[in-house]
Amino acid sequence: MKQEIFSKHVFEFLEKSFPEFIPTIKYNEDGSFDCDLRSPSGRFSMWIATYNEEITFGIEDPDGKTNIHTHISCYETDDLENCFKKLTELISEIKENKVIVYVTDSNVYDWITYKSLMEREIRTGKIFQKYFWTSN
C-alpha cells in the first residue's frame with residue numbers, strides 16, 4: 001500500500017473514532033503524518049505516526065522523550081480493521097487509566113497496566129511514581 005493511501009485510511013479512522021487528534025496532524029514529505037494528544041493531567045501525551053505502512057503509537061513522557069512506543073503493522077488493506085482495533089484498545093486503555101506511565105526501578109519512564117503495577121507494589125512493598133491520563 002502506498003504511504004499516502006495508508007495515511008488517508010488512518011486519517012479517516014481517527015476522524016471518525018478519535019477526532020481530538022486531527023488538529024495536531026502534521027504531514028511529512030513522504031505522505032506519512034504525526035499527531036498527538038496531551039493528557040488532561042498535563043503530564044504526558046499520546047502520539048501516533050504513520051511511517052512505513054505501520055502505525056507507531058506511543059507516549060511522550062513527562063521529560064518529553066518518546067521512547068515508550070509500539071508498532072502496529074498494516075501492510076495490506078485487509079489488515080486495517082485489526083490495526084484500528086489494536087489502536088483503539090491502546091488509546092482507550094490509556095484514557096481509562098487502565099494503562100499508566102510510571103517511573104521504573106531504573107528511574108526511567110515506562111507504561112504498564114495499572115493492575116500489574118498494583119500487584120508489583122504489593123509483591124515488592126515498593127510504591128512507584130505514577131502518571132494517569134486524567135489526574136494524579
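Start at 1 with the first residue, then count along the sequence.
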Problem set entry | Between CD1 on residue Ile59 and CD1 on residue Ile100, distance to nearest 0.5 Å | 11.0 Å
Exercise. CZ of Arg43 to CZ of Arg38: how many Å apart, nearest 0.5 Å?
Worked result: 9.0 Å
Exercise. Do the non-hydrogen side-chain atoms of Thr70 and Lys86 ever get within less than 4.5 Å of each other?
Worked result: no
For this session: Please assess Ile48 against Asp34 for the test side-chain contact (heavy atoms from CB on, under 4.5 Å), listing each intermediate value before the final yes or no.
Result: CA-CA 6 Å; Ile48 298 169; Asp34 304 286; over 6 Å; no
Exercise. Are Phe21 and Phe33 connected, step by step, through hydrophobic side chains (Ile, Leu, Val, Met, Phe, Trp, Tyr) whose heavy atoms are closer than 4.5 Å?
Worked result: yes
Problem set entry | Test item: side-chain donor near acceptor, His69 and Thr56, under 3.5 Å | no
Exercise. So do Lys130 and Glu121 actually touch side chain to side chain, heavy atoms under 4.5 Å?
Worked result: yes
For this session: With rounding to the nearest 0.5 Å, note down the distance linking CD in Glu20 to CD in Glu15.
Result: 12.0 Å
Atom pairs and distances, side-chain donor-acceptor, residues 60-68, under 3.5 Å, sequence neighbours left out:
residue, atom, partner, partner atom, Å
Asp61, OD1, Asp63, N, 2.7
Asp61, OD1, Gly64, N, 3.1
Asp61, OD1, Lys65, N, 3.1

Problem set entry | Contact check, side chains of Ser73 and Glu54, non-hydrogen atoms, under 4.5 Å | yes
Exercise. Can you tell me how far the CD1 atom of Ile5 sits from the CD atom of Glu53, to the nearest 0.5 Å?
Worked result: 9.5 Å
Exercise. Got Asp110 and Val101 here, is their nearest side-chain heavy-atom distance under 4.5 Å?
Worked result: no
Exercise. Do the side chains of Ile112 and Phe132 join up, straight or via other hydrophobic residues, at under 4.5 Å, putting them in one cluster?
Worked result: yes
Problem set entry | Side chains of Lys2 and Lys8 in contact at under 4.5 Å (non-hydrogen atoms) | no
Problem set entry | Aromatic ring pairing Phe84/Phe13, orientation class (parallel under 30°, perpendicular over 60°, tilted between) | parallel
For this session: Apply the test side-chain contact (heavy atoms from CB on, under 4.5 Å) to residues Val99 and Tyr114: give CA-CA distance (whole Å), side-chain angles for both, the deciding distance (0.1 Å), then the verdict.
Result: CA-CA 5 Å; Val99 171; Tyr114 181 67; over 6 Å; no
Seminar exercise, completed: Closest non-hydrogen atoms of Thr104 and Phe128, given as atom of the first, atom of the second and distance, are C-CE2, 4.3 Å
Problem set entry | Minimum heavy-atom distance Lys26-Asp36, with the two atoms named | NZ-OD2, 4.5 Å
For this session: Go through the steps to decide whether Glu96 and Lys98 satisfy the test salt bridge (charged side-chain N to carboxylate O under 4.0 Å, His left out), and finish with yes or no.
Result: CA-CA 5 Å; Glu96 295 166 8; Lys98 292 179 182 176; 3.1 Å; yes
For this session: Check whether Val108 and Leu117 end up in the same hydrophobic cluster, where Ile, Leu, Val, Met, Phe, Trp and Tyr are linked by side-chain heavy atoms less than 4.5 Å apart.
Result: no
For this session: Decide yes or no on side-chain hydrogen bond (donor to acceptor under 3.5 Å, both in side chains) for Asn28 and Tyr51, but give the supporting numbers first.
Result: CA-CA 9 Å; Asn28 302 298; Tyr51 304 102; 3.3 Å; yes
Problem set entry | Closest contact, heavy atoms only, Glu4 versus Gly31 | CG-CA, 4.1 Å
Exercise. Can you tell me how far CD1 of Ile127 sits from CD of Gln129, rounded to the nearest 0.5 angstrom?
Worked result: 12.0 Å
Exercise. Given the side-chain rings of Trp111 and Tyr102, with only the six-membered ring counted for Trp, is the space between their centroids under 6.0 Å?
Worked result: no
For this session: Applying salt bridge (charged side-chain N to carboxylate O under 4.0 Å, His left out), name anything that partners Lys126, two or more places apart in sequence or on another chain.
Result: Asp105
Exercise. Would Tyr109 and Phe44 count as a close aromatic pair, with their ring centres under 6.0 Å?
Worked result: no
For this session: Using atom types as modelled and distance alone, determine if a side-chain donor or acceptor of Asn97 lies under 3.5 Å from a backbone N or O of Trp133.
Result: yes
Exercise. Just wondering, do Ile22 and Cys35 contact through their side chains at under 4.5 Å, heavy atoms?
Worked result: no
Exercise. Using a distance-only test with no angle check, is there a side-chain donor-acceptor pair under 3.5 angstrom linking Ser7 and Thr50?
Worked result: yes
Exercise. Are the side chain of Ser17 and the backbone of Leu14 linked by a donor-acceptor contact shorter than 3.5 Å?
Worked result: no
Problem set entry | Nearest heavy-atom neighbours spanning Met46 and Lys95 | CE-CG, 3.9 Å
Problem set entry | Contact check, side chains of Ile94 and Leu90, non-hydrogen atoms, under 4.5 Å | no
Problem set entry | Criterion side-chain contact (heavy atoms from CB on, under 4.5 Å) on Val10 and Ile55, from CA distance to verdict | CA-CA 8 Å; Val10 177; Ile55 299 168; 4.1 Å; yes
Exercise. Quick one: does Cys74's side chain get under 4.5 Å of Phe6's, heavy atoms only?
Worked result: yes
